Amino acid sequence: MTAQRVVLAGGRGFLGQSLAQALVARGYAVTILSRHPGAASAGIEWLRWDGASAGDWIRAVDGARVVVNLTGRSVNCIHTAENRREILSSRLLSVRAINAAVRACAQPPEVLIQAASLAIYGDAGDRVCDENAPHASDFSADVCEQWEAAFAEGGASQPRRVVLRIGIVLGRDGGALTPLVKLARCFLGGTVGSGRQYISWLHIDDFNAMVIEAIERPEISGAYNATGPSPVTNAEFMRELRRAVGRPWSPPAPEFIVRFGAHWIMRTDADLALTGRRSVPRRWLEQGFRFKHTDLQETLRELLARE
């Protein structure tokens, strides 16, 4: 029996590589679309694409069961006018290219799964944000709204469409955890800013399971918060991280130091660390999704024990 194909756009990064392995383990054949294709391996092929226009990659979409789009320029940068244009255009162009490819298919995919972001809710303070929470009006939220709107341009009926508003995904092979661990081990893992900003986190295994359920369960449709059920404040997160790496104390980082270090040392936007949101996966919980990792202390110990 021929394995069903999953097309994974933007699959070279931390999320994409982990998801590709999980899909192969589930019995799918994976085609990764990337500007820089890697070497083929068991169950995984690579095709070149520019993230914006038609090409040979379209043949992989025709007859595939699903397309998962993780494409988008990283927001981990200084938000200059040029970088902001690239952050927005990389998302809109990739979504529209996939929509055009699907319309051209003789046998279109059954489902399209689109990465999005919890940043659509803005810096929400203590307010709990489920999928019905109001959207913010800052730059990041505006990007998210345009991103999701472009995805919806393909139509509301077929293929079935799922939006995953992704939080902070924790894994051992990259993502947000890797630089934080390095800082904590250098005794720089103190509370950031006020420490009251919330971190909505998700174990990489639960993220992969969400994508697989979105593929295989036809009732999964629309927007979902791809985060765990137990958001924590920055102060709580950093305390558990210090414990996990054996650094019981680190000096706190006041906001002015964070802003200086982010701009001049890390070359990124300080608001990525100074703002947050208390998001919960209400729709996943209502539809019976079972999280394997809900305790931050246990999660960090498990992920870091294998390093």
Side-chain angles (χ1 to χ4, degrees), residues 5-20 22-23 28 30-34 49-53 57-58 60-61 64-75 87-105 108-121 131 135 140-169 200 202 206-227 279 281 283-284 287 289:
R5 185 165 66 254
V6 175
V7 176
L8 182 53
R12 193 175 183 86
F14 163 63
L15 292 184
Q17 288 296 286
S18 178
L19 178 58
L23 290 166
Y28 291 99
V30 178
T31 299
I32 297 178
L33 308 182
S34 174
W49 88 319
D50 63 4
S53 58
W57 60 271
I58 291 179
V61 176
R65 180 167 181 181
V66 58
V67 178
V68 181
N69 184 18
L70 302 178
T71 305
R73 189 205 194 284
S74 174
V75 297
I87 286 168
L88 178 60
S89 64
S90 66
R91 285 156 174 76
L92 301 187
L93 291 175
S94 67
V95 169
R96 288 168 179 161
I98 290 172
N99 279 341
V102 169
R103 287 193 295 268
C105 287
E110 296 176 14
V111 57
L112 304 180
I113 301 174
Q114 175 61 48
S117 173
L118 294 177
I120 199 168
Y121 306 120
E131 291 84 353
H135 299 173
S140 295
D142 181 61
V143 168
C144 291
E145 288 193 332
Q146 292 191 57
W147 198 6
E148 293 188 19
F151 183 56
E153 288 172 4
S157 55
Q158 295 298 325
R160 175 167 56 88
R161 293 171 183 266
V162 180
V163 172
L164 297 179
R165 294 171 178 165
I166 304 170
I168 304 299
V169 181
S200 298
L202 178 71
D206 284 329
F207 171 77
N208 293 337
M210 284 179 175
V211 175
I212 290 171
E213 290 207 14
I215 295 171
E216 299 179 354
R217 293 176 56 186
E219 70 273 22
I220 303 296
S221 181
Y224 290 76
N225 286 348
T227 186
S279 298
R283 295 197 68 202
W284 283 116
Q287 293 182 294
F289 183 86

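If you're wondering where the values come from, they're calculated on a predicted model, not measured in any experiment.
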J.: What I'd like to find out is whether the side chain of W147 reaches to under 4.5 Å of the side chain of I120, using heavy atoms alone.
T.: no
J.: Evaluate the side-chain proximity of Y121 to S279: yes if any heavy-atom separation is below 4.5 Å, no if none is.
T.: yes
J.: Evaluate the criterion salt bridge (Lys or Arg N to Asp or Glu O under 4.0 Å) for residue pair E148 and R165; output intermediate values, then yes/no.
T.: CA-CA 10 Å; E148 293 188 19; R165 294 171 178 165; 2.8 Å; yes
J.: Any side-chain heavy-atom pair from R217 and Q287 closer than 4.5 angstrom?
T.: yes
J.: I'd like to check I98 versus T71 (side-chain heavy atoms, cut-off strictly below 4.5 Å). Are they in contact?
T.: no
J.: Closest heavy-atom contact between A60 and A64?
T.: O-CB, 3.4 Å
J.: Taking the side chain as every heavy atom from C-beta outward, state whether P109 and V7 have any pair of such atoms under 4.5 Å apart.
T.: no
J.: If you define the side chain from C-beta out and look only at heavy atoms, does anything of L93 sit under 4.5 Å from D50?
T.: no
J.: Nearest heavy-atom pair of A9 and W49: which atoms, and what distance?
T.: CB-CZ2, 3.6 Å
J.: Who pairs with Y224 by ring pair (Phe, Tyr, Trp, His ring centres under 6.0 Å), at least two apart in sequence or on another chain?
T.: W284
J.: For the CD atom of Q114 and the CG atom of L70, what is their distance to the nearest 0.5 Å?
T.: 8.0 Å
J.: Taking the side chain as every heavy atom from C-beta outward, state whether S140 and V75 have any atom pair closer than 4.5 Å.
T.: no
J.: Mind checking what makes side chain to side chain donor-acceptor pair (under 3.5 Å) contact with S74, not counting sequence neighbours?
T.: none
J.: With a 3.5 Å distance limit and no angle check, can you tell me whether R160 reaches the backbone of A214 through a side-chain donor-acceptor pair?
T.: yes
J.: Taking all atoms of both residues into account, what is the closest heavy-atom pair of S94 and N69, and its distance?
T.: OG-ND2, 3.4 Å
J.: Looking at every heavy atom in both I87 and R91, which two are closest together, and how far apart are they?
T.: O-NH1, 2.9 Å
J.: Using a 3.5 Å distance criterion without hydrogens, assess whether the side chain of R283 forms a donor-acceptor pair with backbone atoms of I220.
T.: no
J.: Report yes if some heavy atom in the side chain of V61 is under 4.5 Å from a heavy atom in the side chain of V102; otherwise report no.
T.: yes
J.: Verify side-chain hydrogen bond (donor to acceptor under 3.5 Å, both in side chains) between N225 and T227, making sure each step is shown before the conclusion.
T.: CA-CA 6 Å; N225 286 348; T227 186; over 6 Å; no
J.: For a side-chain contact (heavy atoms from CB on, under 4.5 Å) check, start with the C-alpha distance between W57 and T31, then their side-chain angles and the critical distance, and finish with the verdict.
T.: CA-CA 9 Å; W57 60 271; T31 299; over 6 Å; no
J.: Verify the neighbour count for atom CD1 of I168: are there more than 12 heavy atoms of other residues, nucleotides or ligands below 6.0 Å?
T.: no
J.: Rounded to the nearest 0.5 Å, what separation is found between the SG atom of C144 and the CG atom of L88?
T.: 10.5 Å
J.: Output all residues satisfying side-chain contact (heavy atoms from CB on, under 4.5 Å) with Y28, sequence neighbours left out; order by chain, then residue number.
T.: Q4, V6, L23, R26, R65, I215, E216
